Every structure is written in C-alpha cells, then in structure tokens.
Amino acid sequence: MVALHHGPMTTTSPVSARVSAPPLPALLHPDIALWRPAVVSDAVAITRAQKAMDAVDHPDWTTPLVDVQDELASSHLDLSVDSMLALDAAGDVVAWGLVDLAPGRATRVQVYLRGGVVPALRGRGIGRVLLAWQVARGQ
C-alpha cells in the first residue's frame with residue numbers, strides 16, 4: 001500500500017530557529033559563595049547533598065552515588081550549560097540542578113528539571129533562584 005500525500009510538503013525548522021530563549025537570570029543569593037556548572041567529578045559532593053535531602057524528603061530510600069554519576073555522564077547533557085551547583089563558603093554543595101532536554105525531539109520538546117536544596121538551607125530563596133535559572137535554561 002502506498003500512502004498518498006495531498007498538498008504541499010512542509011518541513012518544520014528546529015524549535016531553536018523558531019523560538020527565542022529568554023535570557024538566563026542572574027544567580028545571586030547571600031548564602032551562596034559560588035554558583036558554577038557541575039563536572040562529573042562533583043558526583044560525590046552532589047550525592048552528599050542529595051543524601052541530606054533524601055533523609056528528609058523520603059527517608060526510606062537514598063540516592064546511590066552510581067545514579068548521580070550516571071546522570072552526570074549522560075550523553076545528552078552538556079554539564080557546562082545544563083547544570084548548576086550552589087556552593088557555600090566552605091565549598092560544600094548546598095544546592096544542585098540539572099536541565100535535562102529529553103532525546104527524541106521530532107514531535108515534541110520535553111525538559112526535565114532535577115535537583116534541590118539541602119534541608120538546612122531551605123526556605124531562604126536558594127531554590128527559587130535555582131529554579132528560575134532552570135526554567136529559563138529549559139526554555
């Protein structure tokens with residue numbers, strides 16, 4: 001059976017050619033000494049922060065280091081632009097975020113935002129700053 005096509009054939013240009021991304025917001029917060037993209041070798045520090053979050057958010061389960069390593073090594077992430085760490089004055093990761101553009105974007109574009117803030121620093125606005133950056137990056 002042959003599929004017949006009636007009318008002109010059209011091709012759609014990539015979303016990036018049709019939609020302008022908003023500028024990324026400034027990453028500023030008085031409790032954060034440094035905002036910077038993650039690198040694969042940050043996996044231990046991110047896991048430490050995530051385990052603190054896990055203990056409060058779902059104490060019956062904790063994120064293993066291998067899961068963080070696998071996520072950071074994902075072939076469709078560019079950590080230099082798709083990740084952000086918030087470090088305190090001691091250099092510890094106190095918040096982290098990933099903006100993960102799902103593969104297979106032929107018919108729809110989907111972005112996953114992952115991350116969080118350690119419980120000891122929640123409620124101070126760090127997560128709002130990080131989330132604003134993630135949403136803008138996702139767009």
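This chain uses plain numbering: 1 for the first residue, then up along the sequence. The shown structure was predicted, so the numbers you read here are calculated from the model rather than taken from an experiment. The figures that follow rest on heavy atoms only: side chains count, while hydrogens, waters and symmetry mates do not.
Judged by distance alone, with hydrogens and angles left aside, the side-chain atoms of Ser83 form a donor-acceptor pair with the main-chain N or O of Ala38 at under 3.5 Å. His29 contributes a side-chain N or O that, together with a main-chain N or O of Arg124, makes up a donor-acceptor pair within less than 3.5 Å. Judged purely by atom type and a 3.5 angstrom limit, Lys51 uses its side chain to pair as donor or acceptor with the backbone of Thr63. Asp88 places no side-chain N or O within 3.5 Å of a backbone atom of Ile32 that could act as its donor or acceptor partner. A donor-acceptor pair is defined here as one N or O able to donate and one able to accept, closer than 3.5 Å; such a pair exists between the side chain of Trp35 and the backbone of Leu27.
Here the straight-line distance linking atom CG of Leu79 with atom CZ of Arg36 works out to 10.5 Å at 0.5 Å rounding. Rounding to the nearest 0.5 Å places CG of Asp82 at 9.0 Å from NE2 of His76. Here the CG atom belonging to Asp78 is positioned 11.5 Å from the CG atom belonging to Leu101, to the nearest 0.5 angstrom. Separating the CG atom in Leu98 from the CG atom in Leu72 is a distance of 6.0 Å, to the nearest 0.5 Å. Separating the CD1 atom in Ile46 from the CG atom in Asp67 is a distance of 13.0 Å, to the nearest 0.5 Å. If you take CZ on Arg137 and CG on Leu131, they are separated by 15.0 Å, rounding to the nearest 0.5 Å.
A salt bridge links Asp57 with Arg122; the closest basic N to acidic carboxylate O contact falls under 4.0 Å.
Note: the hydrophobic cluster containing Val40 also contains Leu87 (ILVMFWY, side chain heavy atoms under 4.5 Å, direct or indirect links). Note on Leu34 and Leu85: same hydrophobic cluster, where clusters join Ile, Leu, Val, Met, Phe, Trp and Tyr whose side-chain heavy atoms are under 4.5 Å apart, directly or indirectly. In the hydrophobic clustering of this structure, Leu24 groups with Val111; members are Ile, Leu, Val, Met, Phe, Trp, Tyr whose side-chain heavy atoms approach within less than 4.5 Å, directly or through other members.
The two residues Val118 and Ala52 have their closest heavy-atom pair at CG1-CB, 4.4 Å. Taking all atoms of both residues into account, the shortest heavy-atom contact from Ile126 to Ala95 is CG2-CB, 3.9 Å. Shown here for Ala136 and Pro23, the closest heavy-atom pair between the two residues is CB-O, 4.0 Å.
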Practice prompt. Go through Arg114 and Asp100 one step at a time and tell me if the side chain to side chain contact (heavy atoms under 4.5 Å, CB included) criterion holds.
Written response: CA-CA 8 Å; Arg114 295 185 176 92; Asp100 188 356; 2.7 Å; yes

Item to complete: Applying side chain to side chain contact (heavy atoms under 4.5 Å, CB included), run through Met53 and Trp96 and close with a yes or a no.
Response: CA-CA 11 Å; Met53 294 178 231; Trp96 68 276; 3.5 Å; yes

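Between Trp133 and Val99 the shortest side-chain heavy-atom distance falls below 4.5 Å.
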